[in-house]
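Throughout, a chain's letter reflects where its sequence line sits, starting with A, and its residues are numbered from 1. Excluded from the calculations below are hydrogen atoms, water molecules and symmetry mates; all remaining heavy atoms, backbone and side chain alike, are included.
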Amino acid sequence: EAAVTQSPRNKVAVTGGKVTLSCNQTNNHNNMYWYRQDTGHGLRLIHYSYGAGSTEKGDIPDGYKASRPSQENFSLILELATPSQTSVYFCASGDEGQDYAEQFFGPGTRLTVL
Amino acid sequence: GDSVTQTEGQVALSEEDFLTIHCNYSASGYPTLFWYVQYPGEGPQLLFRASRDKEKGSSRGFEATYDKGTTSFHLRKASVQESDSAVYYCALSDRGSNNRIFFGDGTQLVVKP
């Protein structure tokens with residue numbers, strides 16, 4: 001059974017609309033992450049969280065908010081969606097071991113903003 | 001800051017060809033290095049990792065050796081198959097990086113039958 005799930009898998013939104021992408025994990029990991037993936041840019045970190053109630057800015061946070069209401073759930077919110085936010089979004093969960101952090105990814109959400 | 005550089009954006013090969021994807025890193029500490037693979041329509045998944053100088057990571061016929069001297073972790077496979085077509089990401093995690101993983105830009109591998 002998939003440990004990191006995302007919903008919706010596909011979303012079409014209008015410019016200026018509000019979009020919420022949801023992520024759920026059953027790994028019992030403390031840390032969760034939101035990335036976007038665009039051709040030529042690889043995976044870019046938007047927001048991440050160390051646990052329920054915490055959110056941290058990643059490398060490209062502008063235009064995005066995040067919410068971590070529980071250990072299992074982490075949402076990415078686009079208050080005013082723009083066409084430049086058309087992308088594939090990945091959620092991941094992870095923990096830090098003795099020497100390193102490791103992350104486990106969901107299947108992605110394809111967002112199109114018209 | 002920590003970073004990973006993958007030289008090749010796209011690699012096109014025929015089945016049974018030898019594969020090399022170059023990865024170089026920059027880190028303030030002694031990082032753990034990873035290779036992730038992403039198949040079409042899926043999220044990235046860990047291929048393997050290495051944490052010590054000269055340590056070899058391997059999986060599914062792919063391998064890479066941690067080289068602290070040249071700050072490299074090049075991915076190699078002796079004989080690729082069409083099913084290996086995917087995007088490959090080199091990445092690193094450093095104890096001082098606040099649980100982050102830093103990814104390279106990815107290399108699209110296309111293997112023709």
Which region of [X], side chain (C-beta onward) or backbone (N, CA, C, O), has a non-hydrogen atom less than 4.5 Å from a non-hydrogen atom of chain B, or is it both or neither?
X        : result
A:Arg9   : side chain
A:Phe104 : neither
A:Glu56  : neither

For [X], does the [atom1] atom sit with more than 12 other heavy atoms under 6.0 Å from it, leaving out its own atoms?
X        : atom1 : value
A:Arg110 : CZ    : no
B:Lys56  : NZ    : no
B:Gln10  : CD    : yes

Going by heavy atoms in the side chains, are [X] and [Y] under 4.5 Å from each other?
X        : Y       : value
A:Glu102 : B:Leu46 : yes
A:Gln103 : B:Tyr36 : yes
B:Arg100 : A:Asp59 : yes

Seminar exercise, completed: In terms of heavy-atom pairs under 4.5 Å with chain A, the winner among B:Gly41, B:Gly9, B:Pro44 is B:Pro44
Seminar exercise, completed: CZ of A:Phe90 to CD of B:Gln38, rounded to nearest 0.5 Å, is 4.5 Å
For this session: Find the distance between CD1 (B:Ile101) and CG (A:Asn31) and round it off to the nearest 0.5 Å.
Result: 10.0 Å
For this session: Identify the heavy atoms of A:Gln37 and B:Tyr89 that sit nearest to each other, and give their distance.
Result: NE2-OH, 2.5 Å
For this session: Name the member of A:Leu45, A:Val88, A:Asn30 that forms the most heavy-atom pairs with chain B at distances under 4.5 Å.
Result: A:Leu45
Exercise. Are B:Tyr30 and B:Tyr25 co-members of a hydrophobic cluster defined by side-chain heavy atoms under 4.5 Å apart?
Worked result: yes
Problem set entry | Portion of B:Gln6 that has a non-hydrogen atom of chain A nearer than 4.5 angstrom | neither
Exercise. Which region of B:Glu42, side chain (C-beta onward) or backbone (N, CA, C, O), has a non-hydrogen atom less than 4.5 Å from a non-hydrogen atom of chain A, or is it both or neither?
Worked result: backbone
